[in-house]
2 protein chains.
Amino acid sequence: MKKKRISITDIANELSVTPSTVSRALNGGGKVSEKKRQEILSLAKKLGYRPNPIAKSLLENKTHTIGLIIPEFTHHFYSRMLAGIESVTSKAGYQLLICTSNEKQKQEIKSTQTLLDARVDGILATISKMNDKFQHLQEVMDSGTPLVLVDRFSEEIETPYVISDDFNGAFSAVDYLCQSGCKNILHIKGPANLSTTFNRFMGYKEALRKHEIEVKEELILESSDANLVEKIRFCLKNQQVDGAFAYSDYLAFEIYRAASDLKIPIPGSLSVIGYADEPLATYINPTLSTVNQQPFEMGATGANYLLNKINNPDIGLEIRSLETKLVIRDSCTKRAAKECQFS
Amino acid sequence: MKKKRISITDIANELSVTPSTVSRALNGGGKVSEKKRQEILSLAKKLGYRPNPIAKSLLENKTHTIGLIIPEFTHHFYSRMLAGIESVTSKAGYQLLICTSNEKQKQEIKSTQTLLDARVDGILATISKMNDKFQHLQEVMDSGTPLVLVDRFSEEIETPYVISDDFNGAFSAVDYLCQSGCKNILHIKGPANLSTTFNRFMGYKEALRKHEIEVKEELILESSDANLVEKIRFCLKNQQVDGAFAYSDYLAFEIYRAASDLKIPIPGSLSVIGYADEPLATYINPTLSTVNQQPFEMGATGANYLLNKINNPDIGLEIRSLETKLVIRDSCTKRAAKECQFS
DNA sequence: CTGTTAGCGCCTTCAC
DNA sequence: GTGAAGGCGCTAACAG
């Protein structure tokens with residue numbers, strides 16, 4: 001059913017020249033008499049000739065396509081990251097082949113295989129949460145396909161990555177809480193095994209240390225805890241909590257709920273800061289202070305880096321850590337104005 | 001830098017047979033002695049042979065890739081739609097090449113060209129808001145590349161599409177409001193020129209008609225109106241509005257704001273229903289009743305339909321309208337329990 | 001300047 | 001059963 005696309009040979013026949021000549025005329029490479037070139041060009045245009053990139057790919061062993069593996073589509077964070085990636089790749093004339101892992105290792109492995117089979121020129125991946133093996137990523141690297149990790153990385157795989165500066169992001173948030181007078185700051189940790197969980201926790205602790213506040217076990221909760229909701233409630237009730245820093249905006253929202261149940265006013269008696277600057281942060285009441293990770297920029301940086309690596313295979317193992325932005329909204333008591341951003 | 005992938009010829013040489021034989025053994029097609037077949041298969045496995053789809057594409061004029069054009073990544077709706085599409089295509093062994101139009105016609109045209117150049121087997125598109133020309137889509141169809149439109153369509157282009165049943169979605173929402181006693185129902189319309197805007201408006205009017213309520217011009221606002229916020233406020237203050245149906249959840253949120261400013265309690269004095277069931281609907285206070293369009297299913301349906309059309313080019317111009325689900329939350333006074341879904 | 005040849009990786013006749 | 005030949009669309013090297 002597909003209409004036959006016209007090929008270089010078609011226009012060669014029409015003009016009684018060889019395909020080589022047409023190719024040369026079209027690519028400007030070799031020498032072709034000006035007259036022929038014009039003839040060829042105009043006929044090509046008239047016929048609506050479009051080169052077949054498949055043939056070129058076969059020849060050059062390049063596809064001008066980059067493969068992307070993301071854990072899921074639905075999080076705003078990944079959508080923004082995707083938008084950042086797309087903005088760079090489309091500008092550079094690369095196509096984007098998309099796969100998802102659904103946060104499952106098995107699907108991630110399948111995706112890498114798919115992308116390798118498709119002969120993509122490079123792969124951009126956010127590894128899934130549950131990863132404990134990395135052989136599939138090692139295979140990508142062994143195949144010589146440039147690989148750049150975004151947002152999450154692992155010590156076990158030696159490839160460049162672009163991440164957000166979680167340590168400083170968390171630090172700035174907790175530092176802010178301390179400066180505005182909070183003494184008992186609750187922290188809800190993220191999923192175990194994630195570097196982001198670890199780094200945000202470290203940032204939290206470091207900020208407390210700076211302000212000479214003791215780190216109390218009772219104030220640290222795990223998001224995976226089946227009784228999280230009750231524990232938050234218990235904590236707010238019994239620990240004189242006056243500040244809270246959550247691994248995510250969604251967890252911060254759980255704190256809102258508990259506080260609302262307990263009639264603890266935010267920000268009156270409790271200042272809350274979340275993480276990620278998801279849209280919900282501006283919709284809940286009071287609007288939520290949070291740490292913006294600049295996912296668009298993260299995606300764009302990763303894509304740029306990958307394209308760079310595709311064209312200069314020798315560039316080394318580089319790591320980029322993107323600055324975060326502390327966004328203070330209505331969920332915190334304001335401290336004396338400083339260099340942070342209000343919104 | 002890329003390591004040479006091993007080819008059918010490599011393994012043929014190794015075994016002193018011809019590539020043809022290897023090809024036959026691998027594809028099971030022709031007759032090959034069982035012994036040779038085993039040798040070939042095991043060597044292929046040992047060497048980690050993977051067929052080159054590029055070569056096959058060139059031969060078969062098929063890429064097993066479908067192209068996708070969406071207006072933007074950041075809306076939850078499109079993310080869900082994308083997830084639905086991906087779930088179908090990946091299961092069917094098709095790749096997904098992604099482009100975005102950023103709601104701009106110019107970029108949409110460029111995207112169709114890119115996808116056509118890439119020789120995708122079919123295109124799934126959500127046309128951009130601002131489209132007034134459709135020649136690029138006509139070109140897609142003329143090229144013989146199956147095209148299916150999702151979420152939005154135009155009368156000007158004769159191709160199958162999958163949309164949400166906006167008329168009934170709106171009707172069910174407004175009908176609900178009427179049944180719970182609302183007499184003066186505000187409607188905020190969506191962007192002009194979109195079929196969704198039109199159909200939701202029609203659903204609104206039809207529901208009023210059913211309940212013999214007069215349609216009042218003063219109760220109908222345009223989202224594009226520069227003074228929208230003030231007009232909502234004016235309306236709530238002066239028109240005894242007791243119900244509101246907005247084109248989107250975001251517009252419903254504007255109504256919340258105005259109501260909050262005017263100290264009009266929701267749902268006490270005003271019932272509000274939005275549209276799309278965006279995440280914010282569950283985060284705002286009170287939680288927002290809304291119409292769920294099942295974007296995941298819409299994407300999946302579109303993808304299935306496209307794959308079907310790719311394999312049966314003769315199937316006709318079909319149109320699917322997906323049912324919506326009215327989701328009643330806390331922003332409405334409850335009516336007597338009926339068949340609608342609570343959440 | 002332009003035509004011929006060869007080959008990217010694979011598959012499909014057509015002979016033997 | 002298996003090999004040889006041709007071709008998908010294109011480019012590069014080598015002849016003229």
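In what follows, every chain begins at residue 1, and chains take the letters A, B, ... in the order their sequences are listed.
Side-chain N/O atoms of B:Ser33 include one lying less than 4.0 angstrom from OP1 or OP2 on D:dT2. For A:Ser23, a side-chain nitrogen or oxygen approaches OP1 or OP2 of D:dT11 to under 4.0 Å. Look at A:Lys36 and you'll find a side-chain N or O under 4.0 angstrom from OP1 or OP2 of C:dT2. Distances shorter than 4.0 Å separate some side-chain N or O of B:Thr21 from OP1 or OP2 on D:dG3.
Taking atom CG on B:Asn61 and atom C1' on D:dC8, their separation rounds to 9 Å, with Å as the unit. As a whole-Å value, the separation of A:Arg24 CZ from D:dC10 C1' is 12 Å. For the pair A:Arg119 CZ and C:dC8 P, the interatomic distance rounds to 14 Å; values are reported in whole Å. When the C1' atom of C:dG9 is taken as reference, atom CG of B:Asp10 falls 10 Å away, rounded to whole Å. Rounded to whole Å, atom P of C:dC10 lies 10 Å from atom CG of B:Asn27. When rounded to the nearest whole Å, the span between CD of B:Glu39 and P of D:dG1 equals 16 Å. Note: OH (B:Tyr49) to P (C:dC11) measures 6 Å, nearest angstrom. Separating the CD atom of B:Glu60 from the P atom of C:dT12 is a distance of 7 Å, rounded to the nearest angstrom.
Seen from the ring of B:Tyr305, B:Arg320 counts as a face-on cation partner, given the 6.0 Å and 45° thresholds.
Comparing D:dG9, C:dG9, D:dT2 by their closest approach to the side chain of B:Ala55 singles out C:dG9. Nearest to the side chain of A:Leu58, among C:dG9, D:dC10, D:dA12, sits C:dG9. In this structure, of C:dG9, C:dT2, D:dT11, it is C:dG9 that holds the atom nearest to the side chain of B:Leu59. Which of D:dT11, C:dG3, D:dG3 sits closest to the side chain of A:Pro19 comes down to D:dT11.
A:Lys36 has no carboxylate O lying under 4.0 Å from a charged side-chain N of A:Glu34, or vice versa, which leaves the two without a salt bridge. No salt bridge links B:Asp121 with B:Lys62; every basic N to acidic carboxylate O contact stays at or beyond 4.0 Å.
In this structure, A:Arg24 and A:Thr21 have side chains that are in contact, with non-hydrogen atoms separated by less than 4.5 Å.
With values rounded to the nearest 0.5 angstrom, B:Ser57 atom OG is found 8.0 Å from B:His64 atom NE2.
Within 4.0 Å (heavy atoms only), A:Ser7 reaches sugar-phosphate atoms of the nucleic acid but no base atom.
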